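Please read all numbers here as calculations on a predicted model, not as lab measurements.
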Amino acid sequence: MSKMDGGNHSLVSEFVLLGLAHSQNIQALLFMIFLMLYLLIVSGNIVIMVLITTDPHLHSPMYFLLANLSFVDMWLSSVTTPKMITDFFRENKTISFSGCMSQVFFAHCIAAGEMVLLVVMAYDRYVAICKPLHYFTIMNLKRCTGLVLTSWTIGFVHALSHLVVIVELPFCSAKEIDSFFCDMPLVIKLACMDSHNLDILMYADCGVVGVTCFILLLISYTYILITVRRSSKAGASKALSTCTAHITVVMIFFVPCIFIYVWPLNITWLDKFLAVFYSVFTPLLNPAIYTLRNKEMKNAMRRFINNHMDSQGKS
């Protein structure tokens, strides 16, 4: 970042994160809670990835995409949660300028990538339910890999468009961020300039990704639900169960993001709650929703445990 001209402008080397709470007792409690949640997030998503990778019964397009979702969720939480956990016992919750810019970039890259990936997963269910005879022709490994790479590419371009703008902003003496991580709207507020136009640009950029993906998801699941109503009762029940899990994941991920980046309410405590929700609870709930509601995943877990016990017994 270049130095700004003028007496009041200075080179900002770090920002101060105000965190979630000020009381030491509350911070100690939050430390224990979020440490446990983060360990569950990492272990839960790793279990899903291991099961899908090692179990031949799960080598299908839907589970390939689910494994990628678990990978994305694990990193979505890892961008902000470890820093938040370690800061609970720090009096000065500072973050370097480069660290702050990294959080902005990776948070938006991974979140936007996950939005597109959820659309891809909805498309996969649409093809499976609405065009079952052509499913394995349409959703082959090459196409699935291409769609996953597309989700990462869109996430990268979206995040880079934010980073290019924010890294050149002129910052003055104000450097306190009232959150537990460097969030784009909060960093923009610290700039020594009228940020109105920049806010509009950010909301428009986030809106293009978020709202477009949300509309595509609504269209996909509308088609799916209409098709399910016309199909056999047994098949409809299974399809509806899978789609219900997908729709639940979509709602718990998209709603907080929309209220932070597209249609902000500008209520500090609510923004913090929503940020915690999509960065901690969403990656935690995804493994639970997909494993507890999915018969094949539960069977794969039993096979994995049985195989492990058999190998231990033989040794």
Side-chain angles (χ1 to χ4, degrees), residues 1-5 9-18 71-84 87 93-118 148-172 174-213 253-254 256-264 271-272 274-275 278-279 282-283:
M1 178 180 169
S2 57
K3 291 183 179 180
M4 299 291 128
D5 296 328
H9 292 182
S10 61
L11 182 66
V12 173
S13 60
E14 63 181 20
F15 296 96
V16 178
L17 300 171
L18 298 184
F71 179 78
V72 170
D73 272 334
M74 188 171 65
W75 287 110
L76 177 66
S77 183
S78 297
V79 170
T80 58
T81 309
K83 170 68 177 166
M84 174 179 65
D87 277 349
K93 300 174 176 62
T94 59
I95 184 170
S96 67
F97 181 84
S98 58
C100 186
M101 295 302 106
S102 296
Q103 280 195 337
V104 170
F105 175 79
F106 285 110
H108 281 270
C109 177
I110 296 169
E114 177 159 342
M115 287 181 179
V116 180
L117 185 59
L118 288 170
V148 169
L149 290 174
T150 300
S151 72
W152 279 105
T153 303
I154 292 173
F156 177 81
V157 172
H158 169 73
L160 191 63
S161 68
H162 282 316
L163 189 66
V164 167
V165 173
I166 200 172
V167 78
E168 293 296 333
L169 288 177
F171 293 102
C172 302
K175 57 181 183 178
E176 288 188 343
I177 297 174
D178 194 1
S179 185
F180 60 93
F181 75 107
C182 284
D183 207 1
M184 178 84 172
L186 299 176
V187 175
I188 289 175
K189 285 181 182 178
L190 300 181
C192 302
M193 57 179 285
D194 182 4
S195 61
H196 179 69
N197 292 334
L198 196 56
D199 286 335
I200 293 173
L201 180 66
M202 180 195 69
Y203 297 143
D205 192 353
C206 292
V208 167
V209 178
V211 176
T212 301
C213 288
F253 181 70
F254 271 85
C257 289
I258 287 172
F259 281 117
I260 292 174
Y261 302 108
V262 181
W263 188 20
D271 287 343
K272 287 183 182 182
L274 292 173
Y278 90 79
S279 63
T282 301

Participant: Residues in disulfide bond (SG atoms under 2.5 Å apart) with C206, at least two apart?
Facilitator: none
Participant: What's the shortest heavy-atom distance between C182 and Q103, and which atoms?
Facilitator: N-OE1, 2.8 Å
Participant: Measure across F253 and L118 and return the closest heavy-atom pair with its distance rounded to 0.1 Å.
Facilitator: CD2-CD1, 3.9 Å
Participant: What distance do L274 atom CG and F259 atom CZ have between them, rounded to the nearest 0.5 Å?
Facilitator: 8.0 Å
Participant: Rounded to the nearest 0.5 Å, what's the gap from CZ on F15 to CD1 on I177? Could you check?
Facilitator: 5.5 Å
Participant: To check you understand the geometry: which heavy-atom pair defines the closest contact between S279 and A275, and what is its length?
Facilitator: OG-O, 2.6 Å
Participant: Say you draw a straight line from OG of S78 to CD1 of I110; how long is it, rounded to the nearest 0.5 Å?
Facilitator: 8.0 Å
Participant: Report the C-alpha separation of C213 and V116 in whole Å, then their side-chain angles, then the decisive distance to 0.1 Å, and conclude whether the side-chain contact (heavy atoms from CB on, under 4.5 Å) test is met.
Facilitator: CA-CA 6 Å; C213 288; V116 180; 4.0 Å; yes
Participant: What heavy-atom pair brings P256 and Y278 nearest, and what distance separates the two atoms?
Facilitator: CB-CB, 4.1 Å
Participant: Using side chain to side chain contact (heavy atoms under 4.5 Å, CB included) as the criterion, point out the one residue from L186, V187, I188 that pairs with M184.
Facilitator: I188
Participant: Return the set of residues passing side chain to side chain donor-acceptor pair (under 3.5 Å) with S98 (not counting sequence neighbours), or none when no residue passes.
Facilitator: S96
Participant: How close do V167 and V164 get, heavy atom to heavy atom, and via which atoms?
Facilitator: CG1-O, 3.7 Å
Participant: For T282, which residues count as a side chain to side chain donor-acceptor pair (under 3.5 Å) partner, sequence neighbours excluded?
Facilitator: none
Participant: For H158 and H108, take the angle between the two ring planes, folded into 0 to 90°, and tell me which bin it lands in: parallel under 30, tilted 30 to 60, perpendicular over 60.
Facilitator: tilted
Participant: Roughly how far apart are I166 CD1 and L198 CG, rounded to 0.5 Å?
Facilitator: 8.0 Å
Participant: Please identify each residue that fulfils side chain to side chain donor-acceptor pair (under 3.5 Å) with T81, with sequence neighbours left out.
Facilitator: S77
Participant: Counting C-beta onward and ignoring hydrogens, is there a side-chain heavy-atom pair between F254 and M115 closer than 4.5 Å?
Facilitator: yes
Participant: Mind checking salt bridge (charged side-chain N to carboxylate O under 4.0 Å, His left out) for D178 and listing every partner two or more places apart, or none if nothing turns up?
Facilitator: K272
Participant: I'd like to know whether T80 forms a side-chain contact (heavy atoms from CB on, under 4.5 Å) with F180, so could you lay out the CA-CA distance, the side-chain angles of the two residues, the decisive distance to 0.1 Å, and finally the verdict.
Facilitator: CA-CA 8 Å; T80 58; F180 60 93; 4.1 Å; yes
Participant: Can you check side-chain contact (heavy atoms from CB on, under 4.5 Å) on V157 and I154, steps first, answer last?
Facilitator: CA-CA 5 Å; V157 172; I154 292 173; 6.0 Å; no
Participant: Does CH2 in W152 sit with more than 12 non-hydrogen atoms of other residues, nucleotides or ligands closer than 6.0 Å?
Facilitator: yes
Participant: Return the OG1 to CG distance between T153 and L149, rounded to the nearest 0.5 Å.
Facilitator: 6.0 Å
Participant: Kindly write out the residues that satisfy side chain to side chain contact (heavy atoms under 4.5 Å, CB included) with D271, not counting sequence neighbours, or none if the list is empty.
Facilitator: none
Participant: Going through the distances and angles, do S151 and E114 end up as a side-chain contact (heavy atoms from CB on, under 4.5 Å)?
Facilitator: CA-CA 7 Å; S151 72; E114 177 159 342; over 6 Å; no
Participant: How many angstroms lie between atom CG of L163 and atom CD of E168, to the nearest 0.5 angstrom?
Facilitator: 9.5 Å
Participant: If you count heavy atoms of other groups shown closer than 6.0 angstrom to CZ of F156, is the number above 12?
Facilitator: no
Participant: Applying side-chain hydrogen bond (donor to acceptor under 3.5 Å, both in side chains), run through Y261 and D205 and close with a yes or a no.
Facilitator: CA-CA 9 Å; Y261 302 108; D205 192 353; over 6 Å; no
Participant: Do F171 and F97 come within less than 4.5 Å of each other through their side chains, counting heavy atoms only?
Facilitator: yes
Participant: Which pair of non-hydrogen atoms, one from S179 and one from L17, has the smallest distance, and what is that distance?
Facilitator: O-CB, 3.7 Å
